Amino acid sequence: MFENLIEVLKKNPRRIVFTEGPDPRILEAAARLKQGGFLTPVLVGNPAEVEAAAKAGGFDIAGLEILDPAAYPRMDEMVETMAELRKGKMAPEDCRKALSQGNYFGTMLVKMGVADALLGGATYSTADTVRPALQIVKTKPGSKIVSSCFIMIRETEGGQETLAMGDCAINIAPSEDELVEIAVETAHTAKVFGVDPKVALLSYSTLGSGKGESVDKMKNAAAKVKAAAPELAVDGELQFDAAVSPAVASIKCKGSPVAGQANTFIFPDINAGNIGYKIAQRLGGFAAFGPILQGLNAPINDLSRGCNAEEVYQMAIITAALK
């Protein structure tokens, strides 16, 4: 998967801003990206502090751009732009204060075209990465929410098995219409990673075998996805066994375009999603990449604060390739 994404980036040069420049994990990943030559890192932070941290860790970042909010020559322009975007909600002095922080400063660099993508969260919370994105970059046309998905990969004898699972990290209890958006966006993300999406909206019921409010929500959402994106192979509501097992599908929902071969899974809420992807990761042997944020006007992603340099490197490639 990463070989394919790197080839995409080689053909489409992109710049990715890291909001936590002095962090050793960021510096190790940035040095590796610099060596690879297919993606240009931009580091946010005080240059002396960033360079000292790089020297201490033995990371070669020579030639990489380091942008300091405290000495950025376009800061007045940046403040003016953000004040216009936040008109009636934030005064210019509030914008200037916010832009002194790496998360807001980095997001505005993307908004102003200085960088193409952003990766943060090594020290910031998810909320501190998503909030500036919503306030500055905003959702793309046609999107009302930000959602997330995980790309799950497992090595097999025949090569590689790749799945997409959403939403496992952002929306706690999505409505029918929000599930429609999550399903369409997750299918789009799946395609970026070479998956021909077959979308299953999951439930404890298969096509009416069970009753309940959650069942109705997934059934209705599936119908709305079919109407909104007729080009997608989608079905629901489906139990997980019916979604992935041809034998079960032949009994429970014969003739479904998805059942028995689903590879893109939409969960009814964050509880099911978070539990589901972690079961696949811990018991199923899948590597989990994400959460990948969906619905924004630009590629912006959030790291776990417990991430390592390898995860930063991988998420940087994934994020940049989403552009």
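Along the sequence shown, the residues carry numbers beginning at 1. Model, not experiment: these values are computed from the prediction.
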Determine, step by step, whether I6 and I317 satisfy the side-chain contact (heavy atoms from CB on, under 4.5 Å) criterion, reporting the C-alpha distance in whole Å, the side-chain angles of both residues, the deciding distance to 0.1 Å, and the verdict. CA-CA 7 Å; I6 287 169; I317 294 171; 4.2 Å; yes
Got a donor-acceptor contact below 3.5 angstrom from the E237 side chain to the G208 backbone?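 Between the backbone of G208 and the side chain of E237 there is a qualifying donor-acceptor contact (under 3.5 Å).
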Would you check if the side chain of R86 reaches a backbone N or O of C95 as a donor-acceptor pair within less than 3.5 Å?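 A pair under 3.5 Å: no.
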Between D241 and K252, does any NZ, NE, NH1 or NH2 come within less than 4.0 Å of an OD or OE carboxylate oxygen?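 Salt bridge present between K252 and D241.
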Not counting sequence neighbours, list each pair that qualifies as a salt bridge (charged side-chain N to carboxylate O under 4.0 Å, His left out) and has a residue in residues 59-72.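 Listed once each, the pairs are R15-E65, K34-D60.
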Considering all heavy atoms, the nearest T19-N103 contact: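 It is CG2-CA, 4.0 Å.
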Can you see which heavy atom on E181 is nearest to which on K144, and at what distance?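 That would be OE2-N, 2.9 Å.
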Using residues 36-50 as the side-chain source, report each donor-acceptor pair under 3.5 Å to any protein atom, sequence neighbours left out, with the distance given to one decimal.
unit_1	atom_1	unit_2	atom_2	d
N46	OD1	A48	N	3.0
N46	OD1	E49	N	3.0

side-chain contact (heavy atoms from CB on, under 4.5 Å) between S205 and K211: does it pass, once the steps are laid out? CA-CA 7 Å; S205 167; K211 305 296 180 185; over 6 Å; no
Start with the C-alpha gap between M78 and L109, add the side-chain angles, then the distance that decides, and say whether side-chain contact (heavy atoms from CB on, under 4.5 Å) holds. CA-CA 8 Å; M78 190 175 272; L109 290 175; 3.7 Å; yes
Parallel, tilted or perpendicular: rings of F265 and F240 (30°, 60°):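 Correct class here is tilted.
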[X], [atom1]: over 12 other non-hydrogen atoms inside 6.0 angstrom:
| X | atom1 | result |
| --- | --- | --- |
| E77 | CD | yes |
| K140 | NZ | yes |
| E231 | CD | yes |
| K217 | NZ | yes |
| Q160 | CD | yes |

Answer yes if the side chains of E185 and S147 hold a donor-acceptor pair under 3.5 Å, and no otherwise.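 Side-chain D/A pair, E185 to S147: absent.
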